[in-house]
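Quick note on labels: first sequence line is chain A, next is B, and so on, each numbered from 1.
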Number of protein chains: 2
Amino acid sequence: MARVKLQDVAERAGVSVTTVSRVLNNRGYLSEKTINKVHRAMEELNYRPNAVARQLFKQRTNLVGLVFPTVNNPFFGQLEAELETRLYELGYRVVMGNSQNDPQKEERYLQLLFNGQIDGLIVGAHNEGITAYHNTNLPIVSIERIVSKQIPVVAADNYRGGRLATQRLLDDGCQHIIHTNYPASSSTPNQERRRGYEELMEEHGRQKITYEISFDSPDPEKAAVFTRIFAEHPECDGIFADNDTNARLAINAAVQAGKRVPEDVKVVGYDGASSTRLLFPDLTTIQQPIAEMAQTAVDLLQKRLAGQAVESVTLPVKLVSGITG
Amino acid sequence: MARVKLQDVAERAGVSVTTVSRVLNNRGYLSEKTINKVHRAMEELNYRPNAVARQLFKQRTNLVGLVFPTVNNPFFGQLEAELETRLYELGYRVVMGNSQNDPQKEERYLQLLFNGQIDGLIVGAHNEGITAYHNTNLPIVSIERIVSKQIPVVAADNYRGGRLATQRLLDDGCQHIIHTNYPASSSTPNQERRRGYEELMEEHGRQKITYEISFDSPDPEKAAVFTRIFAEHPECDGIFADNDTNARLAINAAVQAGKRVPEDVKVVGYDGASSTRLLFPDLTTIQQPIAEMAQTAVDLLQKRLAGQAVESVTLPVKLVSGITG
DNA sequence: TATTCTGCGTTATCCGGTTGACATACGCTT
DNA sequence: AAGCGTATGTCAACCGGATAACGCAGAATA
C-alpha cells in the first residue's frame with residue numbers, strides 16, 4: 001500500500017528522478033526510448049503523481065469554490081451544475097459549499113482561499129457582514145449578489161424582470177398585485193426586481209405592496225407569509241413572487257384561501273430553472289439565463305485569476321408563459 | 001502580496017519556527033506568554049497556514065469527492081446537499097463531480113483519489129465499465145449503485161418500493177399498469193423496483209410490461225418513450241415511473257394522448273425529494289429517506305477511512321400520497 | 001576539426017509546514 | 001546537591017515533486 005513515488009519509477013526505469021520528471025512535464029531533450037522506458041515503468045508500478053506535492057510547488061490547486069445557499073434548489077442546482085461543467089473543461093475541480101443560514105460556514109469557505117486550498121471562488125450566498133471579502137483584487141466573482149465594491153457581479157436584468165412580470169399581470173387584468181422579495185436590507189440585485197415592480201405600478205397609478213420573505217427561512221414560515229397576504233388583502237388578484245418555489249407557495253395559499261388559480265388570482269414566478277419548468281410547467285415565470293450566467297461568471301473568474309480587471313455584467317431575462325396559463 | 005509563512009511569524013514574535021508550529025498544533029510545553037506573543041504576531045501579519053503544505057505532510061486533504069450524474073436534479077440535489085452538510089460537520093470539504101453521460105469524467109474524478117487530492121469518494125453515478133473501481137479496500141461508498149463487489153452500497157428498499165407503488169395502483173383499480181426503469185443491464189438496485197413490480201403483478205395474474213429509459217438520455221427522448229407507451233398500449237390506466245420527473249413526463253404524455261389524469265390514468269412516481277414535493281405536490285410517489293441515506297453513506301465512509309470493514313445497508317421507503325390524489 | 005544539438009545524470013534548492021532528537025536553562029522539590 | 005518538570009532553541013529530515021545550473025558524453029552539422 002506504500003505510495004509509489006517518482007523515485008520508485010526512476011529506479012524501475014533505470015533513469016534519474018529528473019528524467020522522469022522531464023518525461024512527466026515534457027521538458028528538455030528526451031529520446032523516444034527513454035520516454036517509453038519511463039512510461040512502461042509508470043504503468044508497471046501504477047504510478048500516480050501526487051497532486052498535493054505538485055500543488056505545493058506550483059502554488060495552484062486547480063480548485064474553485066462554489067458557495068451558494070444550498071444546492072437543493074432548482075435555480076442553484078442548475079447553476080452549480082453549469083458552473084461545474086464549464087470549470088471542469090478548463091481543468092478546474094469544484095469545491096461545493098452550502099452556506100444557508102450559516103455565516104460562519106460561508107466564512108470558513110472563504111478561508112479556503114486564504115489557506116491556499118482553492119484558487120478562486122464563485123459566490124452567491126446571502127449572508128451579510130462578512131468582512132473578509134473586503135480585500136482588494138481577490139479572485140472572487142459573485143452571482144446575483146453584491147458582496148463588496150471590489151468584487152464583480154454577474155446578474156440577470158432584475159429591473160427588467162420585475163417590470164416584465166408586473167406587466168404580464170397588468171395585461172392579464174390584475175388590479176391588486178402584490179410582490180414578495182427579500183428584506184430591503186439584503187445586498188442582492190434582487191431589490192431591482194422590486195424597483196421594477198414598484199415603478200411600473202406607480203406608472204399605472206396602482207398601489208404597490210411588497211411583503212418581505214427571507215430566502216433562508218424555512219418553508220412553513222414562507223408559506224405563512226402568503227397566508228397572511230391573502231388574509232390582509234382579500235382583494236389581491238395577482239402575485240409577483242420573487243422565485244418559483246415561492247410562487248408555488250403563493251398558489252397553495254390562494255387555494256387555501258378559497259380562491260381559484262388563475263381565475264381569481266394570477267401568479268408569476270421568477271427563475272425558470274429547468275427542473276421547475278419540468279415539474280411545474282403551468283407556472284408563468286421570468287426565466288434567468290442560467291447557462292449564460294455560469295459561463296460569464298467563469299469567464300470573469302478566469303480573468304481575475306489572470307490578474308485582469310473586470311467589470312460586472314448584466315444579462316437579459318425573458319418571460320416564459322405557463323403551458324396552461 | 002507575498003505569502004506570510006511560519007518563518008515570518010517566528011521572526012515577528014521573536015521565537016523559533018518550531019515554537020510557532022508548537023503553538024499552532026498545541027504540542028509540547030508552552031508558556032502563556034509565548035502563546036500570546038505568537039498569536040499576536042499571527043494576527044498582525046494576518047497569517048494563514050498553508051493548507052496544501054500541511055496536507056502534503058499529513059497525507060490527508062480532508063476532501064471527499066461526490067460523483068453523481070448531475071446535481072441539477074431534485075433527488076441528487078437534495079442528496080448532495082445533505083452529504084455536504086454532514087461531511088462539513090466532520091471537517092471534510094466536498095468536491096462535486098457531475099458525470100452524466102461521460103464515463104471519462106467519472107474516471108477522472110476517481111483519479112483524484114489515486115492522486116491523493118481527495119481522501120474518499122461517495123458515488124452514485126451510472127456509467128458502466130470503469131475498471132479502476134476494482135481495487136480492494138478503497139475508501140469509496142456508493143449510493144443506489146452497484147460499483148464493484150468490494151464497495152458497500154447504501155440503498156433504500158427498492159424491492160419494497162416497487163411493491164408499494166404497484167400495490168397503490170392496484171388498490172386504485174388500475175388494470176393495466178406499466179412500469180419504466182433503467183435498462184436491465186444497469187448496475188443499480190433500481191432493478192429491484194422492477195422486480196417488486198413484476199412479482200406483485202404476477203401474484204395478481206396481471207401482465208407485466210416494463211419500458212426501459214436510460215437516466216442519462218435527454219428529456220425529449222424520455223418523453224417520447226411515454227408517448228410510445230400510450231400509443232402501443234391504449235388500454236394502459238396506470239404508470240409506475242422509476243422517478244418523479246419521469247412521472248411528470250408520463251402525465252404530460254397521457255394528457256397529450258387524450259387521457260385524463262387521474263381519472264383515466266393514475267401515475268405513481270419515485271424519489272419524493274423535497275423540491276419535487278414542493279413544486280409538484282399532487283404526485284403520489286415512493287419517498288426515499290434521503291437524509292438517512294446521506295447520513296449512512298457518511299458513516300460508512302468514515303469507517304472505511306478508518307480501515308474498518310463495512311457492510312451494505314438498506315433503508316426503508318414509504319409511500320406518500322399526492323395532495324389531490 | 002570545431003561547433004552545435006541532443007540526451008541524459010548529478011546536485012542542490014524550493015514549495016511551507018511538521019516532527020523527532022537533543023541541548024540548554026530555569027525553577028522547584030526532596 | 002541531585003533530580004525532575006517546564007520552557008524554549010537548534011538542527012535535520014521529511015512529505016513528493018519541480019526546476020535551475022552544470023557537466024558530459026555522442027551525434028550531427030558547419
Side-chain angles (χ1 to χ4, degrees), chain A residues 1-42 45-63 111-119, chain B residues 1-42 45-63 111-119:
Chain A
M1 202 52 190
R3 280 214 155 284
V4 181
K5 49 167 130 174
L6 260 190
Q7 202 180 341
D8 303 322
V9 176
E11 284 167 15
R12 177 91 179 202
V15 297
S16 73
V17 188
T18 306
T19 299
V20 179
S21 181
R22 279 179 185 138
V23 172
L24 270 173
N25 298 285
N26 202 22
R27 289 183 339 117
Y29 297 114
L30 291 167
S31 70
E32 282 299 322
K33 216 175 59 186
T34 305
I35 293 176
N36 291 333
K37 258 197 311 189
V38 171
H39 279 141
R40 205 173 328 117
M42 293 198 297
L45 296 172
N46 197 25
Y47 171 71
R48 306 287 155 191
N50 184 303
V52 175
R54 191 175 272 168
Q55 285 170 8
L56 178 58
F57 185 85
K58 298 272 191 189
Q59 297 290 301
R60 274 189 63 138
T61 59
N62 289 312
L63 288 173
Q111 289 300 332
L112 296 184
L113 196 57
F114 304 124
N115 274 345
Q117 265 203 86
I118 58 180
D119 296 340
Chain B
M1 203 52 190
R3 279 212 156 284
V4 180
K5 48 167 131 175
L6 260 190
Q7 201 179 341
D8 303 321
V9 177
E11 282 166 17
R12 177 93 179 198
V15 297
S16 72
V17 188
T18 306
T19 299
V20 179
S21 181
R22 279 178 186 139
V23 172
L24 269 173
N25 297 287
N26 204 21
R27 290 180 337 117
Y29 297 114
L30 291 167
S31 70
E32 281 299 321
K33 217 176 57 186
T34 305
I35 293 175
N36 291 334
K37 258 196 311 189
V38 172
H39 277 142
R40 203 171 333 116
M42 292 197 297
L45 296 172
N46 195 25
Y47 171 71
R48 307 288 155 191
N50 184 304
V52 175
R54 191 175 272 167
Q55 285 170 7
L56 178 58
F57 186 87
K58 299 271 190 188
Q59 297 290 298
R60 274 189 63 139
T61 59
N62 290 312
L63 287 173
Q111 290 299 331
L112 296 184
L113 196 57
F114 303 124
N115 274 346
Q117 263 203 87
I118 57 178
D119 296 340

Can you tell me if [X] touches the phosphate of [N], counting only side-chain N or O atoms and a distance under 4.0 Å to OP1 or OP2?
X       : N      : result
B:Arg27 : C:dG20 : yes
B:Tyr29 : D:dG9  : no
A:Lys33 : C:dC8  : no
A:Arg54 : D:dA18 : yes
A:Ser31 : C:dG7  : no

Name the closest nucleotide to the [X] side chain, picking from [options].
X       : options                : value
B:Phe57 : D:dT19, C:dT19, D:dG16 : C:dT19
A:Arg22 : C:dT10, C:dG16, D:dA18 : C:dT10
B:Ser21 : C:dT19, D:dG9, C:dG16  : C:dT19
B:Thr34 : D:dA7, D:dC11, C:dG16  : D:dA7

* Give one of base, sugar-phosphate or nothing for A:Leu56, where a contact means two heavy atoms less than 4.0 Å apart. =>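 Result for A:Leu56 = base.
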
* Counting any heavy atom closer than 4.0 Å, what does A:Val17 reach on the DNA or RNA strands: base, sugar-phosphate only, or nothing? ->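 No contact.
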
* **Student check: side-chain heavy atoms of B:Asn50 and B:Lys5 closer than 4.5 Å** => no

* Structure fact -> Residue pair B:Thr18/B:Val52 against DNA chain C: nearer the 5' end by closest nucleotide is B:Val52

* To do: Find the distance B:Arg60:CZ to C:dG17:C1' and express it as a whole number of Å.
  =>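 Computing the B:Arg60:CZ to C:dG17:C1' distance gives 17 Å.
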
* Starting at the 5' end of DNA chain D, which residue's closest nucleotide do you reach first, B:Gly28 or B:Gln59? -> B:Gly28

